[in-house]
Amino acid sequence: MSENAKITELLTRLAEAWNAGDAAAYAALFTEDADYISFDGTHSQGREAIESSHRWLFEGPLKGSTMSSMDGGAKVKPLADGAVLVISAGGTALAGRQRHSIVSFTAIRTSGGWRFSSFQNTRVAS
């Protein structure tokens, strides 16, 4: 499987975990020391914090939300051996309201496969 295909698979797994409301599976796609910056500037540091914040979201204000797949059209730019920048359109929907974003990730190759080491979500103005 090509490196781009592996990154596409990682993006697909991210959307699947979100859509299942599975905070543990969602966080498992990030490195232990990942940085996660949400659309409102909240900065979560580390997999444990990412899981905790998403558990709260999935059980509370974003319960039942869905994430659109980001795998079609994601730009994957090599940075160094085993590191890439991923930029993609993204977004979530809740109660029929779609929220569009541009998202960026740094993904790195680890002994357990590709994982995200950073994430930044920027909302697209409506």
Side-chain angles (χ1 to χ4, degrees):
M1 180 182 292
S2 73
E3 298 298 292
N4 279 5
K6 290 176 184 178
I7 299 301
T8 297
E9 178 186 17
L10 192 61
L11 291 168
T12 298
R13 290 172 52 205
L14 190 75
E16 290 171 349
W18 182 287
N19 294 339
D22 188 338
Y26 187 84
L29 301 173
F30 291 85
T31 60
E32 287 290 337
D33 63 347
D35 287 283
Y36 191 103
I37 303 170
S38 64
F39 77 96
D40 65 356
T42 301
H43 183 189
S44 298
Q45 297 179 42
R47 183 184 293 157
E48 187 176 311
I50 294 167
E51 181 176 345
S52 176
S53 65
H54 283 82
R55 180 170 290 107
W56 177 81
L57 289 169
F58 294 156
E59 292 174 356
L62 295 181
K63 185 174 185 169
S65 65
T66 57
M67 176 186 284
S68 54
S69 177
M70 294 178 279
D71 58 0
K75 177 182 177 181
V76 178
K77 180 180 179 179
L79 298 174
D81 186 40
V84 297
L85 172 65
V86 182
I87 300 175
S88 179
T92 58
L94 179 62
R97 184 172 163 241
Q98 185 72 34
R99 300 179 304 183
H100 299 283
S101 295
I102 299 293
V103 294
S104 61
F105 302 88
T106 305
I108 61 171
R109 189 182 319 113
T110 71
S111 59
W114 283 91
R115 295 291 179 267
F116 297 121
S117 65
S118 70
F119 170 81
Q120 167 73 51
N121 179 1
T122 304
R123 282 280 163 78
V124 174
S126 37

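As a basis for the values below, the full set of heavy atoms in this structure was taken, side chains included, without hydrogen atoms, waters or symmetry mates.
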Counting distance only, does the side-chain N/O of [X] pair as donor-acceptor with the main-chain N or O of [Y] below 3.5 Å?
X: S88; Y: G90; result: no
X: N19; Y: M67; result: yes
X: S52; Y: E48; result: no
X: S118; Y: T106; result: yes

Smallest separation among heavy atoms of [X] and [Y], with atom names:
X: S65; Y: W18; value: OG-NE1, 3.0 Å
X: A93; Y: Q98; value: CB-OE1, 3.3 Å
X: P61; Y: L94; value: O-CD2, 3.2 Å
X: V86; Y: A74; value: CG1-CB, 4.2 Å

Path from [X] to [Y] over hydrophobic side-chain contacts below 4.5 Å:
X: I87; Y: L79; answer: yes
X: W56; Y: Y36; answer: yes
X: L57; Y: Y26; answer: yes

*Pairs in or reaching into residues 14-39: which pass salt bridge (charged side-chain N to carboxylate O under 4.0 Å, His left out), with residues at least two apart or in two chains?*
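Sorted pair list: E32-R47.
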
_Of all pairs that satisfy salt bridge (charged side-chain N to carboxylate O under 4.0 Å, His left out), the ones with a partner from residues 80-109, not counting sequence neighbours_ =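 Checked against salt bridge (charged side-chain N to carboxylate O under 4.0 Å, His left out) - neighbours excluded - the pairs reaching residues 80-109 are E3-R109, D81-R109.
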
*Do H54 and F30 make the cut of ring centroids closer than 6.0 angstrom?*
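No, ring centres 6.0 Å or more apart.
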
*asked:* Assess the residue pair I50 and F119 against the criterion (side-chain contact (heavy atoms from CB on, under 4.5 Å)); give the C-alpha distance rounded to whole Å, side-chain angles, the decisive distance to 0.1 Å, and a yes or no.
replied: CA-CA 11 Å; I50 294 167; F119 170 81; over 6 Å; no

*Excluding sequence neighbours, so at least two apart, what forms side-chain contact (heavy atoms from CB on, under 4.5 Å) with D40?*
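With neighbours one apart ignored, the set is S38, T42.
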
*Taking the side chain as every heavy atom from C-beta outward, state whether L10 and F105 have any pair of such atoms under 4.5 Å apart.*
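Heavy-atom side-chain distance check fails, nothing below 4.5 Å.
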
*Do L62 and T92 pass the side-chain contact (heavy atoms from CB on, under 4.5 Å) test, and can you show the C-alpha distance, the side-chain angles, and the key distance before you say yes or no?*
CA-CA 9 Å; L62 295 181; T92 58; 5.5 Å; no

*Verify side-chain contact (heavy atoms from CB on, under 4.5 Å) between F116 and T31, making sure each step is shown before the conclusion.*
CA-CA 6 Å; F116 297 121; T31 60; over 6 Å; no

